[in-house]
Amino acid sequence: MLTEFDTSLPSIKQVQKLIQENTQIELKLITGDVIAGKLLWQDLQCFCIMSEDNQKTTVWKQAIAFLKIGE
């Protein structure tokens, strides 16, 4: 089990850049639901995303099918 946040991984770098640049994204979940907003933070297990109406949602990474980067 991974116990350390490896910032050298491309996926971690990409998400950190999305957070820093306040980029709009969509998370498609394995349930088919879509959550849109801006990423606030990530850790080993989760992402936190803030929607346009300022609602914060914590999403377990294992529930994500894919992440789509907004325009």
Side-chain angles (χ1 to χ4, degrees):
M1 182 171 140
L2 184 63
T3 58
E4 203 172 301
F5 201 65
D6 187 352
T7 57
S8 69
L9 294 173
S11 61
I12 301 294
K13 287 181 181 181
Q14 179 188 37
V15 171
Q16 285 304 113
K17 185 176 179 186
L18 294 171
I19 293 168
Q20 290 168 356
E21 294 178 353
N22 212 25
T23 304
Q24 184 76 21
I25 59 105
E26 288 183 0
L27 294 178
K28 174 89 173 208
L29 305 181
I30 58 175
T31 60
D33 296 312
V34 176
I35 301 174
K38 295 179 180 178
L39 288 169
L40 298 179
W41 54 261
Q42 70 171 325
D43 64 19
L44 287 174
Q45 306 281 333
C46 301
F47 288 145
C48 183
I49 188 168
M50 183 176 298
S51 64
E52 287 185 6
D53 62 355
N54 292 326
Q55 183 171 345
K56 294 179 186 175
T57 303
T58 301
V59 180
W60 289 89
K61 289 180 178 178
Q62 66 192 21
I64 299 170
F66 65 85
L67 181 152
K68 182 178 177 182
I69 301 170
E71 304 297 312

Exercise. Side chain to side chain contact (heavy atoms under 4.5 Å, CB included) with Gln62: which residues, sequence neighbours excluded?
Worked result: Trp60

Exercise. With sequence neighbours left out, what residues match Asp53 under side chain to side chain donor-acceptor pair (under 3.5 Å)?
Worked result: Ser51

Exercise. Side chain to side chain contact (heavy atoms under 4.5 Å, CB included) with Thr31: which residues, sequence neighbours excluded?
Worked result: Leu29, Asp33

Exercise. Taking side chain as C-beta onward, heavy atoms only, is Thr57 less than 4.5 Å from Leu27?
Worked result: no

Exercise. When clusters are formed by joining ILVMFWY residues with side-chain heavy atoms under 4.5 Å apart, either directly or through shared neighbours, do Val15 and Ile69 land in the same one?
Worked result: yes

For this session: Tell me, please, which residues at least two apart from Thr7 pass side chain to side chain donor-acceptor pair (under 3.5 Å).
Result: none

Seminar exercise, completed: When rounded to the nearest 0.5 Å, the distance separating CG of Leu67 from CD of Glu26 is 9.5 Å

For residues 34-43, which side-chain donor-acceptor pairs fall under 3.5 Å, sequence neighbours excluded?
from: Gln42; atom 1: OE1; to: Lys61; atom 2: NZ; distance (Å): 3.4
from: Gln42; atom 1: NE2; to: Ile12; atom 2: O; distance (Å): 3.3
from: Gln42; atom 1: NE2; to: Gln16; atom 2: OE1; distance (Å): 2.8
from: Asp43; atom 1: OD1; to: Gln45; atom 2: N; distance (Å): 2.9
from: Asp43; atom 1: OD1; to: Cys46; atom 2: N; distance (Å): 2.7

Problem set entry | same_hphob_cluster(Leu44, Leu9) at 4.5 Å side-chain heavy-atom cutoff | yes

